[in-house]
Amino acid sequence: MCIPLCGIIGGSVDKPNKLKLSEIDICDLFITPAIKQAGWDQFKQIRREVTLTPGPVIVRGNLSSRNKKKRKFADYLLSWQPGMPLAVVEAKDNTHSVSAGLQQALGYAEILDLPSAYSSNGDAFASHNRAPAAGEDIEFEFVLDAFPCPELLFDRYRRFHGILPSEITLVEQPYYLDGSGKEPRYYQVEAVNRTIEAIAKGQRRVLLVMATGTGKTYTTFQIIWRLWKAGAAKRILFLADRNILVDQTLVNDFKPFGEAMAKVRNRKLDPAYEIQLGLYQALTGPEEEDKIFKTVSRDFFDLIVIDECHRGSAAEDSAWREILDYFDGAIKIGMTATPKETEYVSNIIYFGEPVYTYSLKQGIEDGFLAPYKVIRIDIDKDLLGWRPPEGMVDDLGNPIEQREYNRADMDRTLILNQRTKLVAERVMKFLRATDPMSKTIIFCEDIDHAERMRKAIVNAAGKLVRDNPKYVMRITGDSVEGKAQLDNFIDPEQPYPVIATTSQLLTTGIDAKTCKLIVLDRTITSMTMFKQIIGRGTRIDEDNNKYFFTIMDFKKATELFRDDDFDGPPIVVYDPDDNGGDPVPPDPPDDPGDDDDDDDARGTTKIVVSGVPARIIAERIEYVGADGKLITESYREFARKAITTEFRSLDEFVSRWNAADRKHAIIDVLEEHGIILANLHDEVGREVEDFDLLAHIAYDMPPLTRRERADNVKKRNYFTRYGDQARAVLEALLDKYADEGIATIEDTKVLRLKPFDGIGTPIEIIKGAFGGKAAYEAALRDLEAQIYGQVFN
């Protein structure tokens with residue numbers, strides 16, 4: 001039990017002086033001492049200025065910036081131990097009330113799923129308790145000396161999450177820390193903690209849903225590490241369905257397991273290893289002798305993790321289900337970005353409701369995942385259809401069936417070579433206009449289509465391919481040469497290949513974090529496949545300047561963005577008690593080729609026609625809006641909304657601009673909204689004065705250039721009120737403004753530059769020409785008033 005200590009926090013500071021203290025001063029002198037006095041370890045349990053989310057990336061045109069206004073930033077995060085946060089404290093300076101920051105703290109506590117939120121202005125604490133005991137108030141205030149101790153808040157946390165005393169040992173098992181300072185993101189901590197807590201409570205099947213790019217494998221590692229170290233799982237099997245998933249996991253996130261870990265090779269389970277990673281295809285097969293998982297006892301594994309558990313399906317007769325049924329006593333954890341919920345199969349029926357879900361929409365809103373823009377392209381033969389003339393034959397001389405062919409037929413039953421050429425040329429046009437070296441994946445109908453697209457890109461790329469033949473590669477299940485280049489394609493340090501044409505192989509599990517362009521020339525009706533394909537671009541890679549990606553859609557696949565199920569919670573569709581009497585329902589693929597390997601459409605007869613022209617008849621660009629929906633909006637429109645949100649009217653904008661000691665402070669405020677002036681200058685013209693640029697964009701006022709404003713000042717008799725030396729300085733400052741902008745003349749360093757160096761040193765200028773710093777600053781403000789005084793002259 002903890003007993004609050006009595007004493008004076010922060011020494012004696014009277015109220016008038018306390019009102020002058022900054023928020024940081026309030027923290028240092030009052031809040032931190034009060035928390036430490038309650039028994040919190042400053043180095044292990046108290047973290048200050050914790051960035052929970054960096055804020056979303058805003059994309060318009062080919063430009064992007066972060067909206068720092070929407071970042072989540074906690075002044076204090078109090079933890080029982082690393083990776084187990086208990087409470088959030090929000091600090092305010094003393095001009096605010098004690099509870100002024102409580103709503104903000106509560107918002108952070110909610111996303112962290114914590115029961116305790118506090119606010120303080122240095123006078124006292126305000127508290128919100130999301131798990132009040134009988135008779136306790138939800139909100140109340142208390143003196144600085146009475147901040148609760150760690151034991152009290154841990155007990156509240158335990159009650160909030162329903163953790164019994166017998167479960168605490170497992171829940172308290174520490175995270176793996178590598179000494180690098182790397183810490184799990186807030187949602188990874190939640191995912192790990194909710195999983196460990198569920199297992200501690202006896203849950204044997206656990207489902208985690210985390211969007212592609214959010215670190216599922218790292219999260220999995222931390223879960224396994226804690227269960228392994230706590231002795232709750234001594235032998236672990238990690239199952240995946242592709243070699244690259246196993247190999248990436250082995251050498252990256254799971255590396256700390258060291259010699260305790262091995263990959264299942266040569267169809268042999270080696271009982272000497274505690275942690276084994278393998279393909280479920282390597283552990284089982286159609287014949288009994290293929291089922292090597294049966295070479296060990298049914299109780300051999302304590303824990304089985306199924307990566308990408310949507311693949312191979314969650315049906316009762318799937319390959320990995322056979323393995324799980326054999327090790328029926330083991331804990332099973334399913335990891336997926338896209339739980340499969342159809343009338344035939346269900347992840348939820350097997351695993352139960354997800355213990356934690358982190359969606360693509362939330363990841364983009366937080367700023368951990370890259371947003372996207374969509375270029376929808378309609379080709380005439382797709383949209384309007386095509387009927388062959390009477391008696392027309394294909395390239396082999398065979399008559400073409402007389403019927404209407406449309407988008408669904410293209411590259412499945414009908415091949416129009418001119419259409420393939422058109423797609424390739426449009427892709428290369430985009431890359432040349434942005435960055436020809438941007439990693440690109442083109443998803444095609446099948447292997448044959450992927451090969452034809454590769455050839456078309458070769459011809460459209462021209463010199464880029466001549467410089468390096470690996471500029472474009474077909475990476476499909478049957479291509480030894482292509483698959484050999486897969487590691488190079490996903491390696492940020494390797495420039496080639498730049499473009500990969502594929503059909504199925506790259507839809508899932510490939511960590512292509514520098515991928516900036518995804519081209520959809522494939523018919524997609526499966527929501528699972530669509531989410532997986534989109535996931536190839538959702539990783540942010542700041543080191544390689546990748547903050548967003550572009551989807552170029554030729555097949556209207558992105559209409560699935562408008563489906564409420566796109567980023568909604570998984571809903572069970574399959575009813576095992578209503579399957580027509582069959583004990584095991586059929587498990588057809590959701591989409592052609594929705595199996596493990598590329599679909600090469602063997603046995604499908606295709607009509608190939610070379611002489612039919614194709615043209616693009618419509619294009620539209622859309623962006624992710626604040627609500628997660630696609631909108632059509634230019635950078636100018638986005639900026640207008642942001643400016644008018646911050647400054648409700650032109651009068652307010654002008655007033656705040658003129659009142660600001662440094663005009664760049666206004667620009668800084670707009671940058672927090674994601675507005676970068678350089679981007680706006682591209683829209684209007686770089687010579688336009690910043691003030692006029694903003695007024696023009698937001699309030700439709702005619703813009704003046706800096707030179708025009710400077711010339712208007714020179715036309716007046718404004719300078720005659722100053723002596724010769726001061727006049728020369730002000731005229732030179734006006735010229736500097738015309739050339740470089742208002743920020744330049746607001747910095748006193750400008751006085752060290754030409755032509756001021758011919759007048760004197762900065763100190764000589766300020767004292768000799770103006771009589772001191774205060775008079776110089778007053779003259780500068782007067783000059784700015786002249787520049788902006790007649791705002792619309």
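Within a 6.0 Å radius of NZ in K263, other residues, nucleotides and ligands contribute more than 12 heavy atoms. Remark: E404 CD is packed, more than 12 non-hydrogen atoms of other residues, nucleotides or ligands lying under 6.0 Å away. Few gaps surround NZ on K381; more than 12 heavy atoms of other groups in view lie less than 6.0 Å from it.
Looking at K439, its side chain never comes within 3.5 Å of a backbone N or O of Y496 through a donor-acceptor pair. Side-chain N or O atoms of N544 include none that pairs as donor or acceptor with a backbone N or O of K546 at under 3.5 Å. Side-chain atoms of R522 never come within 3.5 Å of backbone atoms of F443 as a donor-acceptor pair (strictly under, hydrogens ignored). Distance alone, capped at 3.5 Å, places no donor-acceptor pair between the K516 side chain and the T550 backbone. Although no hydrogens or angles enter the test, the distance criterion places no donor-acceptor pair under 3.5 Å between the side chain of T501 and the main chain of I442. The closest donor-acceptor contact from the side chain of D395 to the backbone of S610 lies under 3.5 Å.
With contacts defined as side-chain heavy-atom distances shorter than 4.5 Å, the pair I323/L239 qualifies.
Relative ring orientation between F254 and F257 is described as perpendicular, the plane-to-plane angle rising above 60° on a 0-90° scale split at 30° and 60°.
Every salt bridge (charged side-chain N to carboxylate O under 4.0 Å, His left out) that K463 has, sequence neighbours left out, goes to D467.
Under the 4.0 Å criterion applied to side-chain N and carboxylate O atoms, E622 and K373 are not assigned as salt-bridge partners. In this structure, K606 does not pair ionically with D411, as no charged nitrogen and carboxylate oxygen lie closer than 4.0 Å. D378 and K556 are joined by a salt bridge, as a carboxylate oxygen and a charged side-chain nitrogen come within less than 4.0 angstrom of each other. By the 4.0 Å N-to-carboxylate-O rule, R403 lies close enough to D409 to be salt-bridged with it. Between R454 and E451, at least one side-chain N (NZ, or NE/NH1/NH2) sits under 4.0 Å from a carboxylate O, which counts as a salt bridge. Contact check on E365 versus K70 returns no salt bridge, with no Lys/Arg side-chain nitrogen under 4.0 Å from an Asp/Glu carboxylate oxygen. Between R66 and E542 there is a salt bridge, since a side-chain N of the basic residue sits under 4.0 Å from a carboxylate O of the acidic one. Using a 4.0 Å cut-off between charged side-chain N and carboxylate O, K483 and D487 make no salt bridge. Between R419 and D521, at least one side-chain nitrogen of the basic residue sits less than 4.0 Å from a carboxylate oxygen of the acidic one, meeting the salt-bridge criterion.
In summary, the side chains of E445 and T523 do present a donor paired with an acceptor at a separation below 3.5 Å, with no hydrogens or angles considered.
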Mind listing the side-chain donor-acceptor pairs of residues 427-436 below 3.5 Å, one per line with the distance, residues two or more places apart or on another chain?
residue, atom, partner, partner atom, Å
R432, NH1, A460, O, 3.3
R432, NH2, A460, O, 3.1
R432, NH2, A461, O, 2.9
T434, OG1, F430, O, 2.8
T434, OG1, L431, O, 3.4
D435, OD1, M437, N, 2.9

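Residue pairs meeting the ring-ring contact (aromatic ring centres under 6.0 Å, His included) criterion with at least one member in residues 521-560, sequence neighbours excluded, are Y372-F549, F530-F561, F530-F566.
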